[in-house]
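For ligands, and for the atoms within them, numbers begin at 1 and follow the listed sequence.
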Amino acid sequence: MSGTFVGMPAFPEAAREAVADPTLRGNLRHATHTIRAKRAAAVAEVSDWAELREAGKRIKDHTLRHLDRYLVQLEEAVTAAGGTVHWAADAEEANRIVTRLVKETGESEVVKVKSMATQEIGLNEALEAEGIRAYETDLAELIVQLGKDRPSHILVPAIHRNRGEIRDIFRAEMGEWGRPAPEGLTDTPAELAEAARLHLREKFLRAKVGISGANFMVAETGTLVVVESEGNGRMCLTLPQTLISVVGIEKIVPTWRDLEVFLQTLPRSSTAERMNPYTSTWTGTRDGRAGEGDGPRAFHLVLLDNGRTDTLADEVGRQALRCIRCSACLNVCPVYERAGGHAYGSVYPGPIGAILSPQLRGTGSEIDASLPYASSLCGACYEVCPVAIDIPEVLVHLRERVVEGGTVTREGNKVVLKPARGHAAERAAMRAARWAFARPGALRAGQRLASRTRALHPRTLPGPGRAWSAARDLPAVPAEPFRDWWRRTNGGNAEEGTTK
Ligand code: SF4
């Protein structure tokens, strides 16, 4: 993944500021609760939701099992329709390919439809370093870009901003990016939307190069699909002469027919809509398809790996690749609701980010080792996931890897587990416990001693254990050990469960 988030502190530290910010928490609570309630109502309308969910899961699992075959089929279909396919092993290679393609057109600016894959690889920064300006055209992405901010939600990247903050960003920044914000701009939604529309329109009409991601790629036809709600995607996909799409290899589905499942589950799970407002599909170039006269003259598809084949190799973790980025799991997560998206240190926040980012990055960094713990394991994310990703199962699996295997690192193309030694105090405590449990007489003597001296026991732990006991009461030592109580009241042996 991109180096944008390299060096992020561990999740608890990164979340501390957000948790202490009442405005941010208020914005998040209001937005997530609103979307959550609407989604529940939209899903409840569908009588065969459970079957659709199961079908989505099966299609994705089948595709991932035969990913090599379907990717080759997709490449052949895209090439036959006049497009060119490029393979990128990592973020660096993908950025290099896209930058070269834009430079070859002679252009120095591009319009973009929201794409998580390009955020993942830090494409905008890579283009900027080469003197190419990328304009985000999704309203929320525009707010994030103008505010020199980072996205904090998959679907609503500016969810942490309220209307007043957005008005201030538009007033301050729009002039610098071309068309100034209208005089006396207020924070009413209609005025803010109109300001953004006018600001973007001239960029759409001027742009010669468009960059997109895709929600789905159909192997049998070579068709790419983008679903969005504002129409900006349609403009980016049809107006520019050159279209470059950067897409993760897991976004493939075998057949056109498979879309019927996801085009039902995705809109209801994400925006709580029965149908998506704009569903754009395109296949190759306008000259590559005889008899059709619209679309780009040149089309490039950059297929991005960037940690996905490593993730696919993990039997438990691979289910994260089923994700269709609906964001339903974020909106029900009690941790996300309080911490917000920035603390996850990735373009993929919330529960899906907690299982996807550590696997894709494979860096074993502080933030990646802490993300599997950014959950209460309540299971709400699994309940709402339209492709039934068992996020709690993967979280526990990744916790095991952190504890037992230490950190997960990548060397070249290989994922490597660095053995953990654990904390010295924890290791000493475990050794002492093993010694005592192997010697019942010593254990009994220790328990009696602990009971007799119970008045002297501290209520908090010393050293590194202080953080644990600061938020919890240490359990009180009983006045009499259980075994002694059993012998006194039953006259038998507690270990053997006998009575007199
Ligand atoms: S994990 Fe499931 S609920 Fe979360 S974004 Fe992905 S598809 Fe949606």
*Asks:* Of the protein's non-hydrogen atoms, which lies at the shortest distance from atom 8 (Fe) of ligand 1, and what is that distance?
*Replies:*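 Protein heavy atom with the smallest distance to atom 8 (Fe) of ligand 1: Cys326 SG, 2.3 Å.
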
*Asks:* Could you tell me the residue and atom name of the protein heavy atom closest to atom 6 (Fe) of ligand 1, and the distance to it rounded to 0.1 Å?
*Replies:* Cys323 SG, 2.3 Å

*Asks:* For Ile389, counting its heavy atoms only, list the atoms of ligand 1 lying under 4.0 Å from any of them.
*Replies:* 1 (S)

*Asks:* Can you name the atoms of ligand 1, numbered from 1 with element, that are less than 4.0 Å from a heavy atom of Pro386?
*Replies:* 2 (Fe), 3 (S), 7 (S), 8 (Fe)

*Asks:* Can you check whether Tyr373 and Phe11 have ring centres sitting under 6.0 Å from each other?
*Replies:*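 Not under 6.0 Å, so no.
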
*Asks:* Can you tell me how the ring of His62 sits relative to the ring of His66, calling it parallel under 30°, perpendicular over 60° and tilted otherwise?
*Replies:*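 Judged by the thresholds at 30° and 60°, the geometry between His62 and His66 is tilted.
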
*Asks:* Is a side-chain donor or acceptor of Glu130 paired with a backbone partner of Ala126 at a separation under 3.5 angstrom?
*Replies:*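 No, Glu130 side chain to Ala126 backbone: no donor-acceptor pair under 3.5 Å.
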
*Asks:* Among protein heavy atoms, which lies nearest atom 7 (S) of ligand 1, and at what distance?
*Replies:* Ile324 N, 3.4 Å

*Asks:* Find all atoms of ligand 1 within a distance of less than 4.0 Å from any non-hydrogen atom belonging to Ile352, and give their numbers and elements.
*Replies:*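 Answer for ligand 1: 1 (S).
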
*Asks:* Any N/O/S atom from Cys385 (main chain or side chain) under 2.8 Å of atom 2 (Fe) of ligand 1?
*Replies:*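 Checking atom 2 (Fe) of ligand 1 against Cys385, an N, O or S atom does fall under 2.8 Å.
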
*Asks:* For atom 5 (S) of ligand 1, what's the nearest protein heavy-atom neighbour? Residue, atom name and distance, please.
*Replies:*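 Answer for atom 5 (S) of ligand 1: Ser327 N, 3.2 Å.
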
*Asks:* If only atom types and distance count, is the side chain of Glu109 paired as donor or acceptor with the main-chain N or O of Ala134 below 3.5 Å?
*Replies:* no

*Asks:* Between Tyr382 and Arg53, is there a cation-pi geometry (under 6.0 Å to ring centre, at most 45° from the normal)?
*Replies:*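 Yes, a cation-pi geometry holds between Arg53 and Tyr382.
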
*Asks:* For the residue pair His160 and His342, is the inter-centroid distance of their aromatic rings smaller than 6.0 Å?
*Replies:*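 Distance test on ring centres: under 6.0 Å, yes.
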
*Asks:* Examine Cys329 and say whether one of its N/O/S atoms is closer to atom 8 (Fe) of ligand 1 than 2.8 Å.
*Replies:* no

*Asks:* Would you verify whether the NZ or CZ of Lys203 falls within 45 degrees of the ring axis of Tyr135 while also being under 6.0 Å from that six-membered ring's centre?
*Replies:* yes

